[in-house]
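A, B, ... follow the sequence lines: proteins, then strands. Residue 1 opens every chain.
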Amino acid sequence: MSEVEYVRERWARLQKLRSSGVETLPYRFEITHTLEEIVELYGHEQDAGRLQTVWARLAGRVQSLRWHGKTTFCHIQGRQARLQVYARQDALGPEAYEAFTNLDLGDVIGVEGHLFRTKTGELTLAVQRWALLAKCWLPLPEPWHGLTDVEARYRRRYLDLIANPRVRSIFLRRSQIVRLIRQFLDSRGFIEVETPVLQPLYGGALARPFKTYHNVLEAELFLRIAPELYLKRLIVGNLERVYEVARNFRNEGVSTLHNPEFTMLELYQAYADYEDIMRLTEEMVAFLATELFGTLRITFQDQTIDLTPPWRRLPMLAGLMEVGGFTEEQLYDRAFLVARAAELGVPRAGDLSWGKLIAELFERLVQPTLVQPTFVTDFPVDISPLARRKRDDPRLVERFELFIGGLELGNAFSELNDPFDQKRRFEDQQRQRETGDVEAHPIDADYVLALMYGLPPTGGLGLGIDRLTMLFCDVTSIREVILFPLLRWVPVELPIPPELDRT
RNA sequence: GAGGCGGUAGCUCAGCGGUAGAGCACUGGCCUUUUAAGCCAGGGGUCGAGGGUUCAACCCCCUCCCGCCUCACCA
């Protein structure tokens, strides 16, 4: 049967229901409990007499229907809990009962009655009155296999959420993660702030931006690629500890690890350095695991990951020596690095700076081995234009990236607070841009001006919320943790029968 | 951007160069404690789109669209 015919059929049933006296499509329905509350309160209550006295008004989506002549069972589903509902002709009367048997899977109903337990012991509501709250005009995916077609799952995420409990649990967990992060940071004296998404000049990361246009100002604007430079202005402004749960936009490819818009926690703490931020990070992630799972040992892709702090610190150059087999001399031997990089398939290795060569080699040789939580520290200065130089080696910066389960989760520095050095670093980026590096950081004089008023020593962190959620939900595609991942637009044809397509 | 895989009923999937299939869902009937309810009967298809080869194409060929995976790009 075509979708149009389903709609037609259900339309006819709705008309029948309207004439049965059952309340139809009301503006509100007063509930006494959510389904979660009812199950929580009475799920273990065995006393039949006591259950009998519980009168409840509940609502949910009909997710199964079993009818047996003069009685009908169904389950209604809420956000997490579901409850069985039992309708009898003798309790409802012939009209309301007949209407109940004409429900469709997917309809949203409100029910009123008392609780009891069936023969098999299942907590159930015996309906006395009911109302149709919303009509489901189209058939739902079948309950047994759920919805598996990936494209359909992303384009119609609501169906995915209805049909696949695991998907629901991922997004509930994501919400919990963000809530716990706020709780953790608030308890440490951070304040949550909001900074511009529309920026006249983008910065704070090395990436290509989306461009847009303000009509009245007649000005080009960019969607932010990171909130970093605004948050650090706030540290200049004495706010001392700030964070933002920031949606960032990067005009880059889509993959299992990248969505053009994604969510990053950024935080800045005055008077701290990157060592402090490492401790903060491991404590925060350990807090999350403990609150979510009650343990610091989690499973990701069949590997057990131990989140117990302190985590391994691995200086980038040390990693190349240990895992990559480099000697200290080789690390500064440009010809050797170029040859090794070319060997590993790095394109245009000869054109890369020392820092980029080191980073490429590290990424290929060492990164895949990082399953247990690891802070990779001390990056080359030329790929880190916003990080402060290492106190005992000006070729490097005080920066770390966090890897867990092979995922790159975060990036942090001792923030560069010297306006003169910052200006030179921007100028260096500008030169890279002129040689064709489209991701080089643009010069932001307004930001340097802010630094001239004095940025205290500051530690900052960017933590990928999407990827952190992937880790905690044991999924390998970022689209599984983003409710509506970016897909190419396709036209939709509405299955509305022509005779119903009027006012 | 390159390569691989996929798109068949509302959903999950078979299928074969020769009349389009199953399970669930749907419709009608029976059934007052069922739960992947059961039993009986029935309806439902632009086989992603377009072109080509062929007596004949869901199937073979070409182009395109959409998606997934790997790689590249990308921190």
Side-chain touch A/Leu58/A/Leu35, heavy atoms, less than 4.5 angstrom: yes
Would you mind classifying the nucleic acid contact of [X] as base, sugar-phosphate or nothing, using non-hydrogen atoms under 4.0 angstrom?
{"X": "A/Leu487", "answer": "sugar-phosphate"}
{"X": "A/Thr118", "answer": "base"}
{"X": "A/Leu147", "answer": "sugar-phosphate"}
{"X": "A/Ala207", "answer": "sugar-phosphate"}
{"X": "A/Arg155", "answer": "sugar-phosphate"}
{"X": "A/Thr256", "answer": "sugar-phosphate"}
{"X": "A/Gly146", "answer": "sugar-phosphate"}
{"X": "A/Gln84", "answer": "base"}
{"X": "A/Ser2", "answer": "sugar-phosphate"}
{"X": "A/Arg156", "answer": "nothing"}

From A/Met278 atom CE to A/Glu282 atom CD, the distance as rounded to the nearest 0.5 Å: 8.5 Å
Atom pair distance, as rounded to whole Å: CG in A/Leu123 and P in B/U34: 17 Å
For atom CD1 of A/Ile225 and atom C1' of B/C74, their distance in whole Å: 12 Å
Strand partner of B/C24, provided both Watson-Crick or wobble distances fall under 3.5 Å: B/G10
Nucleotide paired to B/G1 in any strand shown, Watson-Crick or G-U, under 3.5 Å: B/C71
For A/Lys356, the option from A/Asp437, A/Asp351, A/Asp382 that meets side chain to side chain donor-acceptor pair (under 3.5 Å): A/Asp437
Aromatic contact, A/Phe100 with A/Trp130 (centres under 6.0 Å): yes
Rounded distance in Å between the C1' positions of B/A22 and B/C47: 16 Å
C1'-based separation of B/C65 from B/A49 [nearest Å]: 7 Å
Contact state string [nucleotides 19-29 of chain B, B base, S sugar-phosphate only, - no protein heavy atom under 4.0 Å]: ----BBBSS--
Side-chain N or O of A/Thr148 closer than 4.0 Å to phosphate OP1/OP2 of B/U12: yes
Hey, what are the protein-to-nucleotides 5-8 of chain B N/O distances that come in under 3.5 Å?
none

Aromatic ring pairing A/Phe375/A/Phe400, orientation class (parallel under 30°, perpendicular over 60°, tilted between): perpendicular
Whether A/His68 and A/Phe73 hold their rings parallel, tilted or perpendicular, with breakpoints at 30° and 60°: perpendicular
